[in-house]
Peer 1: 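Handing you a structure now.
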2 protein chains.
Amino acid sequence: MSDRPLIIVSNRGPVTYDRDESGARVERRGGGGLVTALRGLREDHDVTWIASATTAEDRVVAAEGGGEVVLVAHDPHAYDLYYNVVANPMLWFIQHELWGPAFSPVIDRELHDAWRDGYEAVNSAFADAVVAQLDNRPDAIVFFHDYHLYLAPRMVREARPDAKLAHFVHIPWPADWTTLPLEMRRALHDGLLANDVVGFHTKRWARNFERSCADLDCGTERTLVTHHPISIDVEEFDALRESEAVLAAEATLDRPEKLIVRVDRTDPSKNIARGFRAFGILLDEHPEWRGRVKLLARLDPSRETIPEYVEYRAAIETEAAAVTARYPGSLEVQVADNFPQSVAAYKQYDVLLVNAVYDGMNLVAKEGPLVNARDGVLVLSENAGAHDELGEWAVTVNPFDVWGQAEALHHALTMEPEERRRRARAIQAQVRENDVTKWVAGLLDDLDRVSA
Amino acid sequence: MSDRPLIIVSNRGPVTYDRDESGARVERRGGGGLVTALRGLREDHDVTWIASATTAEDRVVAAEGGGEVVLVAHDPHAYDLYYNVVANPMLWFIQHELWGPAFSPVIDRELHDAWRDGYEAVNSAFADAVVAQLDNRPDAIVFFHDYHLYLAPRMVREARPDAKLAHFVHIPWPADWTTLPLEMRRALHDGLLANDVVGFHTKRWARNFERSCADLDCGTERTLVTHHPISIDVEEFDALRESEAVLAAEATLDRPEKLIVRVDRTDPSKNIARGFRAFGILLDEHPEWRGRVKLLARLDPSRETIPEYVEYRAAIETEAAAVTARYPGSLEVQVADNFPQSVAAYKQYDVLLVNAVYDGMNLVAKEGPLVNARDGVLVLSENAGAHDELGEWAVTVNPFDVWGQAEALHHALTMEPEERRRRARAIQAQVRENDVTKWVAGLLDDLDRVSA
């Protein structure tokens, strides 16, 4: 493997391009956990990265060609169908089990058309770009990422039967895929099984994949199904913790006797509305906390053009208003993408609430405990991938059970200092010893096995 | 087994009691598919049947005691919590995957209390009644039914370690149970695994049960997990078809050139709203059918005191109004419990639409084809248990895909007569050869195996 070049394929790339006021090209490091996590690979390996062009200047760069980042300029309409109809919300909602089958989804002609003219078309364009790269580097290993690219591996396999292909799925794999019409779910399973390796964060998601393959009579014999928990860059957070921006944010943080923190994108999978409900129940049922505890919710706006997300934002606001009406000042909601403020909140929490409906991993559950300075308690959903690693030291909650979450918050707030310290240190040690470099090493081991 | 008495335990019994105007006790045969299906057992075996008292007169009978039907008079508040909070909608919705996890359920203190004070309490009362019967007939086999009684087997097992216990689950078993808090889902799996046999309608539900047991580290080694598809009483339908009531209903049936029929309880699991949407799309996309085809929906009102059902009734009406506004007269909705009219519609359909979201079996898919006289085509959800047996001769639909359902209706309406006949006869033969007596025989075989 160490001798073989690597072609990374993901929808979002490590850089995007724009022009500044003078018209000069500006390169910006792309965001997202995936890009951060894979940065390590690029330091040590001969990597070509294929991604979608997402800005006007990206399209100019794409047309120029060359470079270690290959941008694919998709047809804009096809990209819209692929991204905004199929990948989000349809696949995202299925994989996080967010649909309510009594009423939603209603799969209509738009989805059928979007599957063919968007998802298949964009996957095909990615596959073409991969095959072109393989022509330059026939011994490269191709490493696909996530739910945007389920069909591309089969397309590449058909063009290059001997290629070495791997795929990592960063979101949950559900136990039941029947929400998606048969031909679509069969196609995406078949696409994934064209890889030599398919990886997930946890044993649970990997096992669900093997089950859903079995349900479709898709054999997994030719594919290595593995699991490696993604993690964070510990050094980066050690530096961030003491950075000026974080120290400044920390100085302005208004904290009462006890501070509960949550940090999330405004995604229905994050379960923000039920979390607010649970906090209100805590104050209803345990009046001794009124005026003494505050919930600080730092929310990063997400996918604001998708109707399901607009509806969810409204639900969050309704629940927040209900709590504030009963207990003014007890809930502070900050809707903004400001990471230093989030890290400041991480450092200061007494309780960190992560109650995700489903979550492939949830890095907040690793970032928060790593930098927290108060032996804060992690309250963690059993349906977050992070629960596999950290559950034994967290207070476990069921994401649907708001009464149980209220009781868990009370339990966390009243935990003895020694017990808090024991758990907090155990989580820190676990995160420190299993940081993102270990995830990358696990992936490289898998690639070694298939390239041998 | 043939030598051993049988104790059947189900929430609804084979009879209920009332008083007529003169004050005399009246015995009424209980409704429901389970009672019909198990009637056969009572003809050939020494059967005691334990069920809930559901009327005032039932409670009088319960107090008198004795008889082959033992009615258990529960505390009315406990019964309300057990039936209207835990069993319906919570367990019913989980098992038919009807919740929409982004927003529902919100499990609050009411559910926790209802679990303890309702579901546990009523199961405990059933267990006490079973143990009392076992004192009279120590060699009896106890046969529990359905989702109301998941906890009772463990309670009986603890009191009578050597008892022979079996359980049949008549509704789907889902792949994922995490909607229910851990202690509850563990308790109900543990309760079922106290049985010597646990039966389901299909291999799919049985396999999901083995998976959810594995997810909870609950071993199934000591329990025989089987599957037997329930069916209908063929003789009863052969007689019904020619009955005066059905012939009279048939004479008044208003049918255009082509008739599509659906017959359902107004339950969200039946997918009535999406079915109407699909029918509207059929007329939108295939204008040649306008004025020539009618959808007759015969709907039996169900669980009208449960908010989720009230909401679903409203959704049905909204979708029906949308179709009628575009295509007046094309949709006839009959909301009434009138079985002869349903059988008349069965006889007359060109297409029978069964598009259930999830369904343990769905007997409409067997009743309709058995009595249909027009070589009608069955359009059948892949998530109905009946699909395991009948899918190869049906037009399969995905319940979420309304565009696919519209295309399936068009395909069914345009199918060549010879092909229609071939499929209709194959389904009739399958149902005729695998009627309810075969289901009963399968259950008795299982009981033989465990009693040996």
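Each chain gets a letter, A, B and so on, in the order the sequences are listed, and its residues count up from 1. Values below: all heavy atoms of this structure, side chains included; hydrogens, waters and symmetry mates excluded. These numbers were taken from a predicted model, which means no experiment stands behind them.
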Peer 1: Is the shortest distance from a Lys or Arg side-chain nitrogen in B:E210 or A:R211 to a carboxylate oxygen in the other one below 4.0 Å?
Peer 2: no
Peer 1: Side chain, backbone, both or neither: which part of A:Q405 has a non-hydrogen atom closer than 4.5 Å to chain B?
Peer 2: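 No part of it gets close to chain B.
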Peer 1: Are the side chain of B:N398 and the backbone N or O of A:T178 linked by a donor-acceptor pair below 3.5 Å?
Peer 2: yes
Peer 1: I'd like to verify something: which residue of B:G100, B:A102, B:P101 has the highest number of heavy-atom pairs under 4.5 Å with chain A?
Peer 2: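 Option with the top pair count is B:P101.
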Peer 1: Hey, does the side chain of B:R109 reach the backbone of A:V402 with a donor-acceptor pair shorter than 3.5 angstrom?
Peer 2: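 Such a contact is absent between B:R109 side chain and A:V402 backbone.
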Peer 1: Using a 4.5 angstrom heavy-atom cutoff, name the option from B:E407, B:E382, B:K270 with the most pairs to chain A.
Peer 2: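 Maximum pair count with chain A is reached by B:E382.
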Peer 1: What pair of heavy atoms forms the shortest contact from B:A315 to A:F103, and how long is it?
Peer 2: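 Looks like CB-CE2, 3.6 Å.
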Peer 1: Nearest 0.5 angstrom please: A:F400 CZ to B:L111 CG, how far?
Peer 2: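 Reported to 0.5 Å precision, the distance equals 13.0 Å.
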Peer 1: At a 4.5 Å cut-off on heavy atoms, which part of A:Y358 comes close to chain B: side chain, backbone, both, or neither?
Peer 2: side chain
Peer 1: Within the 4.5 Å heavy-atom criterion, are B:D401 and A:H112 side-chain neighbours or not?
Peer 2: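 Of all side-chain heavy-atom pairs linking A:H112 with B:D401, at least one is under 4.5 Å.
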Peer 1: Side chain, backbone, both or neither: which part of B:A406 has a heavy atom under 4.5 Å from chain A?
Peer 2: neither
Peer 1: So which residue, B:V357, B:T179, B:D108, ends up with the most heavy-atom pairs under 4.5 Å with chain A?
Peer 2: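 Highest number of heavy-atom pairs under 4.5 Å: B:T179.
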Peer 1: Counting only heavy atoms from other residues, nucleotides and ligands, does the tally under 6.0 Å from CZ of B:R277 exceed 12?
Peer 2: no
Peer 1: Once you round to the nearest 0.5 Å, how far does CG of B:L182 lie from OG1 of A:T396?
Peer 2: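 So the CG of B:L182 and the OG1 of A:T396 are separated by 8.5 Å.
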Peer 1: If you tally heavy-atom pairs under 4.5 Å against chain A, which of B:V106, B:I281, B:D215 wins?
Peer 2: B:D215
Peer 1: If you tally heavy-atom pairs under 4.5 Å against chain B, which of A:E285, A:H96, A:R274 wins?
Peer 2: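 Option with the greatest count: A:R274.
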Peer 1: Which atoms of A:A278 are under 4.5 Å from chain B, going by heavy atoms: the side chain, the backbone, both sets, or neither?
Peer 2: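 Neither part.
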